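Structure first, commentary second.
Just so we're clear, the structure is a prediction, and the values are computed from it rather than from any experiment.
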Amino acid sequence: MKRLFLILAVVALFSVASYAAPVCGGAQDVLAASFSCEFGGLLFNNFAVTNAGGVPTPSMTLVSAAMVGSEVTLNFNPGLSVSNGLSADLWFYFQVNGPTNGIDLGVGGTGATVTERACLTAIDVNSGNICTGGIGNQLGALTFTSGNSGRVSFPSEAFVTPVYVFKNILVQAPANGTSELSSFSQSFAVPEPMTMALFGSGLLALGLVRRFRRS
């Protein structure tokens, strides 16, 4: 009976990330009211975009989602284009629910720079978009320009959930030219099946300990 209970608990953990949300796919406006989607065992929600300069009507479209190895990759289009020395700056926020232990950022377009921060706690929008509670709650940070990409693992490569993400997306045009950003990718490292089972067992054990203490 105990073994059956453990198996059911792990299966339930696999199911949690779906949350009855639609599957992340193509041409989805993530800024639509209460939008959320799931892919590869992760739930993405609480999307928000703020005009940080030069973008009076900010937008953000989820173009595609894919599973490559043990990474879930989302591709976004912020629809930014500027000319003749002008710039466009967006602040992009969202939340990731489900165990992940690293982030990967890729930047397309021309003249674009994306700076990213991943936090254990919510983003403090009133204090420079840092992690609430300070630097100790920061899981990782990345900065890349057009044509570049890279990855950062979380401390001790521990799997955590939820993860709060902030991106500063800046596009700057040369004095006599045009720069644009219509594509950037965001990847999250997710557990292999065995690791996921151990993660679920750990959560189950924690729940049982708490239950026994209460009784």
Side-chain angles (χ1 to χ4, degrees), residues 6-7 9-28 30 35-47 60-78 92-109 112-120 131 137-169 181-204:
L6 175 60
I7 293 173
V10 173
V11 171
L13 180 69
F14 275 100
S15 304
V16 165
S18 61
Y19 295 99
V23 176
C24 301
Q28 294 174 307
V30 302
F35 175 83
S36 66
C37 67
E38 64 91 12
F39 196 90
L42 300 178
L43 173 76
F44 303 90
N45 61 4
N46 293 334
F47 292 92
M60 188 67 65
T61 301
L62 174 60
V63 178
S64 64
M67 188 81 182
V68 180
S70 60
E71 289 196 345
V72 172
T73 299
L74 303 182
N75 292 289
F76 294 94
N77 178 9
F92 182 36
Y93 310 85
F94 62 96
Q95 181 178 332
V96 185
N97 301 277
T100 180
N101 75 342
I103 52 176
D104 190 303
L105 172 66
V107 183
T113 301
V114 178
T115 298
E116 176 174 8
R117 180 176 293 117
C119 299
L120 273 170
C131 308
N137 289 320
Q138 180 169 296
L139 295 166
L142 294 167
T143 298
F144 288 104
T145 56
S146 290
N148 295 290
S149 64
R151 184 184 189 279
V152 62
S153 297
F154 295 162
S156 302
E157 296 192 356
F159 288 96
V160 296
T161 183
V163 174
Y164 300 86
V165 177
F166 161 73
K167 294 177 183 292
N168 184 2
I169 303 170
L181 180 62
S182 58
S183 176
F184 69 87
S185 65
Q186 176 71 74
S187 299
F188 296 90
V190 296
E192 299 290 347
M194 181 58 69
T195 306
M196 175 65 87
L198 292 174
F199 184 85
S201 299
L203 289 181
L204 175 61

Exercise for review: Compare all side-chain heavy atoms of Pro99 with those of Val190 and state whether any distance is below 4.5 angstrom.
Suggested key: no
Check your understanding: So, Ser185 side chain and Leu74 main chain: donor-acceptor pair closer than 3.5 Å or not?
Key -> no
Check your understanding: So do the side chains of Glu116 and Val152 get within less than 4.5 Å of each other, counting heavy atoms only?
Key -> no
Check your understanding: Taking C-beta and beyond as the side chain, do Val107 and Thr113 meet within less than 4.5 Å on heavy atoms?
Key -> no
Point to revise | Validation row: Phe76, Ile169 side chains within 4.5 angstrom (heavy atoms) | key: no
Review point. Tell me, do Val30 and Phe94 make a side-chain contact under 4.5 Å, heavy atoms counted?
Key: no
Check your understanding: Counting N and O atoms only, with roles assigned by atom type, does the side chain of Gln186 sit under 3.5 Å from a partner on the main chain of Asp104, one being a donor and the other an acceptor?
Key -> yes
**Study point:** Partners meeting side chain to side chain contact (heavy atoms under 4.5 Å, CB included) with Ser70 (sequence neighbours left out)
**Key:** Glu192
Practice item. Would you tell me whether Asn77 and Thr61 have side-chain atoms, one donor and one acceptor, within less than 3.5 Å of each other? Key: no
Review point. Does the side chain of Thr115 come under 3.5 Å of the side chain of Arg117 through a donor N or O and an acceptor N or O?
Key: no
Review point. Who passes ring pair (Phe, Tyr, Trp, His ring centres under 6.0 Å) against Tyr164, sequence neighbours left out?
Key: none
**Study point:** Partner set under side chain to side chain contact (heavy atoms under 4.5 Å, CB included) for Asn148, not counting sequence neighbours
**Key:** Phe144, Thr145
